[in-house]
Every structure is written in C-alpha cells, then in structure tokens.
Amino acid sequence: MTRTKPTIAVLGAGAWGTALAVLLSRNGLGVRVWGHDPAHVERLRRKRLNPALPGIRLPESIEFSADLSVVAGGVRAFLVAVPSHAFRVSLEGLKVSLAPDGIVAWASKGFEPGSGKLLATVMDEVLGRRPRAIVSGPTFAIEVARGLPAALTVASEDPVVARTVCEWLRNDRLRVYTSEDVTGVQLGGAIKNVIAIAAGISDGLGFGANARAALITRGLAELARLGVAMGGRKETFWGLAGAGDLILTCTDDTSRNRRVGLGLGRGKKLADVLTEIGQEAEGVATARELYRLAHKLNVDMPITEQVYRVLYEDVPSVTAVETLFKREPRAE
C-alpha cells in the first residue's frame with residue numbers, strides 16, 4: 001500500500017523559506033507557504049519568482065497565502081523559516097490552527113532578541129511540548145533552490161520525529177543526518193553568524209587568509225565552550241551544524257553576516273551595510289544576546305566580545321581585530 005506524502009506548511013516567505021518550499025515540492029510533497037506581507041506573497045503567487053533567489057522559478061504546485069489559518073488548515077507538518085525576531089509571534093499565530101499531533105520543525109537560527117532564549121525554549125513556551133525538530137547545517141538558500149549538492153542535520157529528542165523530518169528533505173542531492181542534540185545544533189547555527197561577522201571584518205581590513213583561518217578556528221573553540229556550558233554535546237560542534245556551518249558562513253560572500261563584517265571592515269556604517277544587503281543578518285542581533293550569555297555563564301568568548309563592541313559600542317573594526325591578536329599567549 002502506497003503511503004500518501006504529507007503536505008508541509010512553510011512559515012516564512014523569504015529566501016530560506018522559499019528555497020525550502022522549492023526543495024519540498026521537488027521531493028513530491030504538497031507545499032503551502034505563509035508570509036506576513038500580503039503584497040510580497042501575492043507577487044510570489046502570481047510571478048513565481050522571489051528576487052532573493054534569482055533565476056529560480058517557483059513550482060506552480062506551491063500554494064502561497066498571507067492568511068496563516070488557510071496555510072495551516074488540515075496540515076499536520078510544519079517547517080518554520082522566519083527570522084528569530086518573528087519566531088514567537090509566528091508560532092502564536094500558528095497555535096490556534098495546530099493539531100495536537102502536528103510536527104513542527106524549524107530552520108530559523110539565532111536567539112530570541114531581548115530574552116536571549118533558544119528558539120526551542122520559545123517553542124515550548126508558546127506551543128507546549130510536542131513533536132519537534134530543528135533543521136540546520138551549511139546551506140545557502142540559493143544553492144538549495146538550485147538543487148546543488150549539500151548536507152543538513154535534523155535534530156530532535158525523538159528519533160522518530162528526526163527521521164520523519166529527514167524524509168521530507170532528503171533526496172539524491174541533499175544528504176540529511178539526524179541528531180538528538182537539539183541544544184547543540186541550535187547553538188551551532190546561531191553562534192557561527194557572529195564569528196562570520198568577525199571573519200568579514202578581518203577580510204574587509206585586508207588582514208588576509210591567515211587571520212581568517214585563525215578567527216574561524218578560535219571561533220569554533222568559542223562555539224564549543226559555550227555549547228558545552230549550555231548542555232550541548234562537544235561532538236556536535238565538530239559536525240555539520242557546528243564546524244560545517246561555521247566554515248561556510250565565514251568563507252563565502254553569499255553569507256549576509258560575512259558581508260556585514262566586510263562592510264564594517266571597509267569603514268562603512270552598520271546601518272548603511274544592512275541597507276545594502278536588504279535582508280536579515282541574524283548575527284547582528286545574536287552578537288548582543290551571545291555577549292550577555294557569555295558573561296552570565298562566565299564563558300570566555302573574546303571574538304564575540306569584540307564583534308559586540310564593534311556593533312554596539314562603536315569600537316573601530318581595526319581596534320577590535322588588533323585587540324584579539326594582542327591577547328596574552330595561552331595554551332590551545
């Protein structure tokens with residue numbers, strides 16, 4: 001007997017949400033996409049193009065709506081891909097339509113701005129404990145939309161849920177691994193954005209490949225220190241959701257966070273850089289929450305501290321990077 005493939009409701013009509021919708025559609029699943037901006041959603045529906053994904057024709061089978069109750073109606077499988085600042089309000093909107101057995105996965109990265117809470121905590125507060133999973137790893141939206149080879153991690157405390165979400169996503173071009181370390185996978189996806197800003201600053205200053213490699217390596221050490229302190233597994237940070245995502249985001253100009261750093265390193269103002277990019281750069285808000293968390297937990301995160309000072313205390317980029325390299329020698 002052939003099992004009917006589920007319909008997936010994707011929350012978020014930006015580059016990442018749209019790319020995931022294209023992937024799911026190519027995998028033969030029914031796909032509905034919700035976006036908060038009716039005008040943007042209507043353009044997606046009519047033109048089948050998202051300017052954030054140039055050259056990608058959105059399959060006619062994908063349904064678009066700015067009415068969350070329409071998108072969620074009768075659906076038991078959800079994939080949330082909104083920015084971290086919109087995560088709570090999106091889940092609150094979903095709550096009224098969510099079946100008790102509905103699986104909610106999320107591909108959003110970062111902390112909740114203001115509270116510094118992990119997104120899993122936000123989900124528990126809004127929806128209660130339920131089948132859930134996080135999707136993370138080294139993936140740029142445009143490459144996923146083009147069907148280029150990639151690999152992801154799906155983490156859930158429930159192995160059955162992890163495998164279920166894995167089946168939504170995997171195909172002959174996308175390899176998906178599973179994990180039970182929800183905390184570690186979340187932290188890997190959040191912290192790497194801050195380190196990418198640092199790598200971008202260094203490159204924008206013209207400091208070269210050696211400095212970039214040092215920042216990535218020591219950034220990974222920061223990621224692991226905080227991750228373990230918050231209950232993540234050390235081995236998670238050497239995998240796709242840790243080192244893999246970190247390397248990708250720090251080394252390719254497709255990364256919005258790296259581009260933030262490049263602009264700052266070249267002497268531009270943060271507001272101007274963000275306007276040029278025209279999309280969310282999660283690392284900017286994450287740097288503030290990460291700086292606070294590091295102090296609260298007494299975890300040494302010097303790269304994060306300098307990125308925070310550049311973003312929020314107007315410390316010159318060159319001063320921040322030079323401060324890192326002038327630190328006292330210590331055992332690695």
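The figures that follow rest on heavy atoms only: side chains count, while hydrogens, waters and symmetry mates do not.
- Transitive grouping of hydrophobic side chains (ILVMFWY, heavy atoms separated by less than 4.5 Å) brings Leu118 and Val194 into a common cluster.
- Cluster membership for Leu248 and Ile195, using ILVMFWY side-chain heavy atoms within less than 4.5 angstrom, is not shared.
- Glu180 has its side chain out of reach of Glu157: every pair of non-hydrogen atoms, C-beta onward, lies at least 4.5 Å apart.
- For residues 265-291, every residue pair satisfying the ring pair (Phe, Tyr, Trp, His ring centres under 6.0 Å) rule, not counting sequence neighbours, is listed here: Tyr291-His295, Tyr291-Tyr308.
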*For Ile134 and Val154, run side chain to side chain contact (heavy atoms under 4.5 Å, CB included): C-alpha distance rounded to whole Å, both residues' side-chain angles, the deciding distance at 0.1 Å, then the answer.*
CA-CA 6 Å; Ile134 176 172; Val154 172; over 6 Å; no

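- If you check the side chains of Glu222 and Thr304, you find a donor sitting under 3.5 Å from an acceptor.
- Closest heavy-atom contact between Leu44 and Phe64: CD1-CE2, 3.8 Å.
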*Decide yes or no on side-chain hydrogen bond (donor to acceptor under 3.5 Å, both in side chains) for Thr153 and Ser179, but give the supporting numbers first.*
CA-CA 7 Å; Thr153 297; Ser179 169; over 6 Å; no

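- With hydrogens and angles ignored, the 3.5 Å screen pairs a side-chain donor or acceptor of Thr275 with a backbone N or O of Ala271.
- The environment of His36 atom NE2 is sparse: at most 12 non-hydrogen atoms of other residues, nucleotides or ligands sit within 6.0 angstrom.
- Looking at heavy atoms from C-beta onward, Leu290 lies in side-chain contact with Leu226 at the 4.5 angstrom threshold.
- Atom-to-atom distance recorded for Glu143:CD and Leu148:CG is 5.0 Å, nearest 0.5 angstrom.
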*Please report the C-alpha distance between Arg45 and Glu42 in whole Å, then the side-chain angles of each, then the deciding distance to 0.1 Å, and finally whether the salt bridge (Lys or Arg N to Asp or Glu O under 4.0 Å) criterion is met.*
CA-CA 5 Å; Arg45 189 188 68 79; Glu42 180 61 18; 2.6 Å; yes

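- Side-chain atoms of Trp16 never come within 3.5 Å of backbone atoms of Ala81 as a donor-acceptor pair (strictly under, hydrogens ignored).
- Two different hydrophobic clusters hold Leu187 and Met123 under the rule that ILVMFWY side chains link at heavy-atom gaps under 4.5 Å.
- Criterion: ILVMFWY side-chain heavy atoms under 4.5 Å apart, direct or through other members. Under it, Ile142 and Val135 are part of a common hydrophobic cluster.
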*Please test Val318 against Phe207 for side chain to side chain contact (heavy atoms under 4.5 Å, CB included), starting from the C-alpha separation and ending with a verdict.*
CA-CA 10 Å; Val318 66; Phe207 281 3; 4.0 Å; yes

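- Looking only at distances, a side-chain donor or acceptor of Arg173 sits under 3.5 Å from a matching main-chain atom of Gly147.
- Residues Leu49 and Leu58 have side chains not in contact (no heavy-atom distance under 4.5 Å, counting atoms from C-beta outward).
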*Go through the steps to decide whether Trp34 and Val41 satisfy the test side chain to side chain contact (heavy atoms under 4.5 Å, CB included), and finish with yes or no.*
CA-CA 8 Å; Trp34 170 80; Val41 171; over 6 Å; no

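- Here Tyr177 is tied into one hydrophobic group with Leu240, each link being a pair of ILVMFWY side chains closer than 4.5 Å.
- Annotation: side chain to side chain donor-acceptor pair (under 3.5 Å) contacts of Thr236 (sequence neighbours excluded): Asp181.
- One finds no salt bridge joining Arg130 and Asp124 here, because no Lys/Arg side-chain nitrogen approaches an Asp/Glu carboxylate oxygen to under 4.0 Å.
- Separation of atoms CG (Leu223) and CG (Asp245) is listed at 9.5 Å; rounding is to 0.5 Å.
- Of all heavy-atom pairs spanning Met301 and Ala294, the tightest one is SD-CB, 3.7 Å.
- Between Met230 and Leu293, some side-chain heavy-atom pair lies under the 4.5 Å cut-off.
- For the pair Ser136 (side chain) and Ala241 (backbone), a donor-acceptor distance under 3.5 Å is absent.
- A donor-acceptor pair is defined here as one N or O able to donate and one able to accept, closer than 3.5 Å; such a pair exists between the side chain of Asn27 and the backbone of Trp168.
- With rounding to the nearest 0.5 Å, the separation of CG in Leu220 from CZ in Arg225 is 10.0 Å.
- Taking the side chain as every heavy atom from C-beta outward, Phe140 and Val144 never approach each other to under 4.5 Å.
- In terms of heavy atoms, Leu119 sits closest to Gly110 at CG-O, 3.5 Å.
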*Before giving the answer on side chain to side chain contact (heavy atoms under 4.5 Å, CB included), spell out for Leu324 and Leu215 the whole-Å C-alpha distance, their side-chain angles and the decisive distance to 0.1 Å.*
CA-CA 9 Å; Leu324 289 171; Leu215 286 168; 3.9 Å; yes

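- Minimum interatomic distance between Ala13 and Thr18 (heavy atoms only, all atoms of both residues): O-OG1, 3.3 Å.
- The stretch residues 199-211 participates, sequence neighbours left out, in these salt bridge (charged side-chain N to carboxylate O under 4.0 Å, His left out) pairs: Asp203-Arg212, Asp203-Arg258.
- Between the side chain of Asn257 and the main chain of Gly283, a donor-acceptor pair closer than 3.5 Å is present.
- Between Leu127 and Leu98, the closest side-chain pair of non-hydrogen atoms falls below 4.5 Å.
- Distance alone, capped at 3.5 Å, places no donor-acceptor pair between the Arg175 side chain and the Leu152 backbone.
- Asp252 and Thr254 form a side-chain donor-acceptor contact under 3.5 Å, judged by distance and modelled atom types alone.
- Criterion: ILVMFWY side-chain heavy atoms under 4.5 Å apart, direct or through other members. Under it, Val176 and Val182 are not part of a common hydrophobic cluster.
- No donor-acceptor distance shorter than 3.5 angstrom exists from the side chain of Thr121 to the backbone of Lys117, with no hydrogens or angles considered.
- Salt bridge present: Arg88 and Glu125 bring a charged side-chain N and a carboxylate O closer than 4.0 Å.
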Name every donor-acceptor pair, under 3.5 Å, that has one atom in a side chain of residues 69-78 and the other anywhere in the protein, sequence neighbours excluded.
unit_1	atom_1	unit_2	atom_2	d
Ser69	OG	Asp67	OD1	2.5
Arg76	NE	Asp101	OD1	3.1

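- For the atom pair CG (Leu20) and CG (Leu11), the distance works out to 12.0 Å, reported to the nearest 0.5 Å.
- The backbone N or O of Ser84 sits less than 3.5 Å from a side-chain atom of Glu282, completing a donor-acceptor pair.
- Between Arg163 and Glu167 there is no salt bridge, since no side-chain nitrogen of the basic residue lies less than 4.0 Å from a carboxylate oxygen of the acidic one.
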_Could you walk me through whether Ser115 and Glu112 satisfy the side-chain hydrogen bond (donor to acceptor under 3.5 Å, both in side chains) test, starting with their C-alpha distance in whole Å, then the side-chain angles of each, then the deciding distance to 0.1 Å, before giving a yes or no?_
CA-CA 6 Å; Ser115 74; Glu112 182 178 47; 2.6 Å; yes

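- For Arg292, the salt bridge (charged side-chain N to carboxylate O under 4.0 Å, His left out) test picks out Glu289, with sequence neighbours left out.
- Proximity of a side-chain donor or acceptor of Lys95 to a complementary backbone N or O of Ser90 within less than 3.5 Å is not detected.
- Val284 is listed as a side-chain neighbour of Tyr312, based on a closest heavy-atom distance under 4.5 Å.
- With rounding to the nearest 0.5 angstrom, the CG atom of Leu68 is 11.0 Å from the CZ atom of Arg32.
- Side-chain contact between Ile56 and Asn50 is absent, with no heavy atoms from C-beta onward closer than 4.5 Å.
- Remark: Arg170 CZ is loosely packed, at most 12 non-hydrogen atoms of other residues, nucleotides or ligands lying under 6.0 Å away.
- Across Glu280 and Pro83, no two heavy atoms sit closer than the pair CG-CG, 3.6 Å.
- When all heavy atoms of Leu53 and Ala145 are compared, the closest pair comes out as CD1-CB, 4.2 Å.
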